[in-house]
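Just the heavy atoms: all of them, side chains too, but no hydrogens, waters or symmetry mates, feed the values below. Naming convention: chains lettered A, B, ... in sequence-line order (proteins, then strands); numbering from 1 in each chain.
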Amino acid sequence: MSVQSFQEHFDSLIDREVTIEPKDWMPNDYRKTLIRQISQHAHSEIIGMLPEGNWITRAPSLRRKSVLLAKIQDEAGHGLYLYSAAETLGVTRDSLYDQLHSGKAKYSSIFNYPTITWADMGAIGWLVDGAAIMNQVPLCRTSYGPYARAMVRVCKEESFHQRQGFEIMLTLSKGTDVQHKMAQDAFNRWWWPSLMMFGPPDAESPHTEQSVRWRIKRMTNDELRQKFIDVTVEQAKVLGLEVPDKDLKWNEERGHYDFGPINWDEFWNVVKGNGPCNKQRLETRKKAWENGQWVRDAAMAHAEKRKARKAEAAKAA
Amino acid sequence: MTQQNKNEWPLWEVFIRSKAGLDHKHAGSLHAADAQMAIENARDVYTRRMEGVSIWVVESKNIIASDPGEADSLYEPANDKIYRHPTFYNLPDEVKYM
Ligand SMILES: [Fe+2]
Ligand SMILES: [Fe+2]
């Protein structure tokens, strides 16, 4: 087959909603875009453990501590599912780590905000995991098989993350005055960055069209953001918390909430590395990787020794 | 396909039997120094919610896969053998339980 007929075959698979698998022919741009998208997603899961890790030793009860640990362990799992999905496209794990550690690869900018009170654990679970679920559910039907299968696994696990966060917020909001204030304060700080998680407005998101055509994006940034706002505003009412947006108003005609302007300067500033915790996050991650080097080397040396011993024994027998 | 990095742990494919009586099914892959570690890592990565009662691991480089580009010719022999399906045969209506 010529490149052209490969391309035609690929296009027809995409159009018929057939899943693309690792050994199928695919255009270079499709492969590159997928590697970037999946690895960014994986990096976000891994870096995403850090803001919450900050509170493990200070969780207010054993129950909360067990839940938080399980939640963070899931995020590690999500990172691993996604890295291995990216590897099916022909990149090595170490090269993806290199890109993260050198600052070349991006991860979700939400994780560059600090977690200063216990209520932040609630706000993150409720809002950040909530926004992540909005983003991820449509990706369960993405065109690339290993990615779609990883997302199915991820989505199954995410719903407990959001519920445990909501439960923390509810407990605080219905608690003492101070606890209620703490919940509201966390809400105030996490609301706008959560809305930014869906990415820049569609008008400034030049690759959306191609990605939708390839089915590696199934809804646009603005569509997802609106959907998130509509459901979350209702949940805030249950919590008895106030959405920190004075322009928020139900629009009967649109059937959606109207909302105030998002501070995109802040978003781009954080993306560029100038958020409150960018430096700290990357340094923590790099240190963990470097400090683990001797463990990885020792495990490999041990495995090789065992293999050699086994071969020796087989020869002797 | 994956160029093996020198100090990177090898890649393993993980297969999980979700309950007794079912086949092992591909779950994903992971890195581990050896087979035993691959099983332990598979437990942590793929069965945190009791998704499995048995785990198989095999080093990814040992998997031989068919070429999707040759799918047409590979499966062609089965194409024209509809007589392998029970629906190919017309039976009189009065025949029961067949
Ligand atoms: Fe996650
Ligand atoms: Fe999560």
(request) Verify whether one side chain among A:His43 and A:Gln40 offers a donor that lies under 3.5 Å from an acceptor in the other. (result) no
(message) Between A:Phe10 and A:Tyr30 (judged by ring centroids, cut-off 6.0 Å), do the two rings come close enough to count as a pair?
(response) yes
(message) Can you tell me which portion of B:Ser60 sits under 4.5 Å from chain A's heavy atoms? Options are side chain, backbone, both or neither.
(response) neither
(message) Which atoms of B:Ala71 are under 4.5 Å from chain A, going by heavy atoms: the side chain, the backbone, both sets, or neither?
(response) neither
(request) Determine, for A:Tyr97 and A:Arg285, whether the Lys NZ or Arg CZ falls below 6.0 Å from the six-membered ring centre while staying within 45 degrees of the axis. (result) yes
(request) Would you confirm whether A:Arg281, through its side chain, and A:Gly48, through its main-chain N or O, come within 3.5 Å as a donor-acceptor pair? (result) no
(request) Taking the side chain as every heavy atom from C-beta outward, state whether A:Asp74 and B:Arg49 have any pair of such atoms under 4.5 Å apart. (result) yes
(request) Considering only heavy atoms, give the residues of residues 137-165 of chain A separated from chain B by less than 4.5 Å, sorted numerically, with 'none' for an empty result. (result) A:Arg153, A:Glu157, A:Phe160
(message) A side-chain contact here means heavy atoms from C-beta on lying under 4.5 Å apart; do A:Phe111 and A:Val128 qualify?
(response) yes
(request) Measure distances from A:Glu304 to the heavy atoms of chain B and classify the residue's part below 4.5 Å as side chain, backbone, both or neither. (result) neither
(message) Assess whether a salt bridge exists between A:Glu75 and A:Lys71, defined as any Lys/Arg side-chain N lying under 4.0 Å from an Asp/Glu carboxylate O.
(response) yes
